[in-house]
Amino acid sequence: MKLLIHFVLLVAWTTFSSAAKPNVLLILADDMGYECLTANGGESYQTPNLDNLAQTGARYTHCYVNPICTPTRVALMTGCYNYRNYIQFGSLKANEHTFGHMMQDAGYQTCIIEKWQLNDKGGTTPDKAGFEEYFIKPGNTYNYADPFIQDNQWKKVKHEGVYGPDLCLEYAMSFVERNKNQPFFLYYPMSLPHFPFNPTPDSTTWENGDRHEDDWEKYMPDMIAYMDKQIGQLVDRLNTLGIRENTLILFVGDNGTDGRVTSEFNGSSFKGGKSWLTDAGTHVPMIVNWKGTVSGGQILDDLIDPTDFMATIAEVTGATPRTPQDGNPIDGISFLPKLIGTVGPEREWVLLELINEFRTRDGGKRHFFAGHEGRCVRNHQWKLYAEGESRRNIAFDKSGQFFDMLNDPLEKEPISLEQAGAEARAAFKKLAKVIEERPWK
């Protein structure tokens with residue numbers, strides 16, 4: 001009977017997907033860890049719109065990403081692990097085949113809004129990465145009060161007296177309205193709630209205070225609330241346009257919360273861990289919502305990493321993830337089957353990487369994030385750091401260490417294999433094989 005149900009659901013999905021090309025809206029929050037979402041147990045912020053998307057869709061409890069932004073974004077956009085195609089912070093290789101190209105090839109209108117930051121030396125621009133339209137903040141600038149914005153002509157314009165995320169939301173609204181009668185792919189990597197921690201238009205100090213004041217305790221809650229509000233406004237526009245049921249909404253964080261931020265989470269204080277390969281730096285919120293197709297109320301513990309999004313979007317839309325020019329395969333696994341009640345391959349581990357050095361523009365000196373450069377692989381319970389790959393250890397070195405994440409989530413006591421049980425030794429062997437088979441650049 002169970003197999004029959006799966007078969008009926010699969011036939012229904014095949015029939016639906018062949019009759020219409022669903023729109024895809026992929027929202028990426030900047031520096032928002034798992035603990036910030038109220039639906040996950042967060043207690044410091046208000047996220048009613050995201051909570052509603054979670055309640056009426058699927059919320060994932062084991063989504064892990066790389067601990068700083070560019071490594072996650074490159075993996076997300078190309079479906080490849082960083083060891084295959086990552087070059088430096090702030091750059092995407094010019095010849096990489098992205099999900100923008102993939103969706104263009106499938107007949108979609110494509111657009112990226114707000115944060116690009118991938119055109120540093122050796123990098124590329126949105127128009128060459130598969131996006132017909134773009135409305136972004138330039139380089140490493142921040143687009144909160146009085147923002148600079150680059151439009152489809154690559155012109156950088158300063159907008160005095162306004163809030164950058166509002167301009168970006170307006171463009172998003174315009175894009176979906178202009179393309180309501182044809183399939184679209186909107187990639188929306190938001191700036192919020194990334195540092196600097198400035199007032200929003202809903203902050204009490206916006207009109208009478210310094211709009212560039214930087215205070216995480218004062219403004220981090222406002223920034224998350226404003227991000228949540230904007231997401232709610234965009235979802236409302238999809239409803240108004242009558243395309244909500246034909247739009248897959250994906251929400252995920254790009255890395256853990258800024259290390260200066262401490263939040264309340266499930267009754268305890270939780271310090272952000274951006275730039276570290278710990279859970280505080282890699283565990284992020286993830287929500288999938290597709291009204292009428294994905295059943296609400298799902299809480300899924302599937303392992304997810306950034307490479308899985310390209311594979312999933314391809315399966316949802318019928319697009320083909322072409323092999324990149326340099327021969328890299330797509331590493332991701334689609335998470336669609338379980339969402340719609342069918343069976344399919346599930347991930348047994350996630351590989352997390354931090355290649356954290358890059359050249360600055362001031363004399364070519366090396367800059368290092370204050371974290372641990374290296375890689376690790378983990379499943380639901382066990383986590384193994386690769387050996388001998390930490391080229392610069394600033395605060396600690398976990399090279400080769402092995403942890404039981406269920407019983408030691410803060411990674412305080414590495415496991416000694418000599419004293420470990422059979423289950424731990426078997427897990428170590430499997431995870432070590434994953435690392436061994438994936439060479440480090």
Side-chain angles (χ1 to χ4, degrees), residues 33-34 60-68 71-72 74-76 78-86 252-256 273 276-286 288 300-312 315 328-339 343-355 372-390 398-411 414-415 417 420-441:
Y34 185 84
Y60 284 78
T61 60
H62 284 80
C63 178
Y64 299 93
V65 297
N66 299 320
I68 57 175
T72 292
V74 171
L76 186 78
T78 65
C80 297
Y81 287 122
N82 286 168
Y83 75 87
R84 298 190 191 278
N85 62 0
Y86 185 86
V252 67
D254 72 337
N255 48 246
W276 301 93
L277 283 164
T278 59
D279 274 11
T282 61
H283 192 197
V284 294
M286 175 181 166
V288 179
L300 303 177
D301 68 351
D302 302 57
L303 291 166
I304 305 292
D305 77 22
T307 66
D308 296 332
F309 285 80
M310 188 171 189
T312 304
E315 186 170 9
N328 289 327
I330 302 302
D331 292 304
I333 299 173
S334 171
F335 47 81
L336 175 66
K338 197 169 183 179
L339 279 170
V343 292
E346 293 186 23
R347 181 173 287 285
E348 296 182 359
W349 46 264
V350 293
L351 179 67
L352 308 174
E353 301 173 286
L354 178 55
I355 309 172
H372 172 75
E373 182 181 74
R375 66 203 318 218
C376 63
V377 61
R378 65 162 297 165
N379 56 29
H380 287 92
Q381 180 170 2
W382 309 100
K383 181 175 183 178
L384 175 64
Y385 284 84
E387 287 191 51
E389 295 175 343
S390 184
K398 292 194 175 181
S399 174
Q401 293 185 359
F402 182 49
F403 294 93
D404 180 346
M405 299 301 292
L406 292 184
N407 297 300
D408 182 20
L410 298 181
E411 303 179 18
I415 297 171
L417 287 182
E423 181 184 2
R425 290 197 301 272
F428 178 92
K429 184 177 180 179
K430 288 182 179 180
L431 297 181
K433 184 177 180 182
V434 172
I435 292 174
E436 181 183 346
E437 291 177 347
R438 288 155 185 83
W440 180 259
K441 283 189 177 181

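- In summary, D331 and R347 do not engage in a salt bridge, as defined by a charged side-chain N under 4.0 Å from a carboxylate O.
- Using bins of under 30°, 30° to 60° and over 60° for the plane-to-plane angle, the ring pair H62/H283 lands in the tilted bin.
- Taking the six-membered ring where the residue is Trp, the centroids of F335 and F309 are separated by under 6.0 Å.
- E346 is not listed as a side-chain neighbour of P337, based on a closest heavy-atom distance of 4.5 Å or more.
- Residues I330 and M310 meet the side-chain proximity criterion, which asks for heavy atoms closer than 4.5 Å.
- With a 4.5 Å cut-off on side-chain heavy atoms, D308 and S334 do not count as touching.
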Exercise. Should N85 and T78 be marked as a side-chain hydrogen bond (donor to acceptor under 3.5 Å, both in side chains) after you check the CA-CA gap, both sets of side-chain angles, and the distance that decides it?
Worked result: CA-CA 9 Å; N85 62 0; T78 65; 3.1 Å; yes

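- Remark: R375 qualifies as a cation-pi partner of Y83 under the 6.0 Å distance and 45° angle criteria applied to the six-membered ring.
- Panel note: side chain N66, backbone E353; a donor-acceptor pair is recorded below 3.5 Å.
- No side-chain donor from either of Y60 and D301 sits under 3.5 Å from a side-chain acceptor of the other.
- With D408 contributing its side chain and M405 its backbone, the two residues share no donor-acceptor pair below 3.5 Å.
- One N or O on the side chain of T72 and one on the backbone of D254 form a donor-acceptor pair closer than 3.5 Å.
- Remark: R378 is positioned above the aromatic ring of Y64, its terminal NZ or CZ atom under 6.0 angstrom from the ring centre and at most 45 degrees off the axis.
- Using a 4.5 Å cut-off on side-chain heavy atoms (C-beta onward), W276 and T282 make no contact.
- Of the candidates V284, D279, T61, T61 is the only one forming a side chain to side chain contact (heavy atoms under 4.5 Å, CB included) with Y34.
- N82 places a side-chain N or O within donor-acceptor distance of the main-chain N or O of P71, the cut-off being under 3.5 Å.
- Annotation: E348, atom CD; neighbour count of heavy atoms from other residues, nucleotides and ligands within 6.0 Å does not exceed 12.
- Contacts of A432 classified as side-chain contact (heavy atoms from CB on, under 4.5 Å), with partners at least two apart in sequence or in another chain: L384, F428.
- Taking the side chain as every heavy atom from C-beta outward, V377 and Y385 never approach each other to under 4.5 Å.
- Geometrically, K398 engages F403 in a cation-pi contact defined by less than 6.0 Å to the ring centre and at most 45° from the axis.
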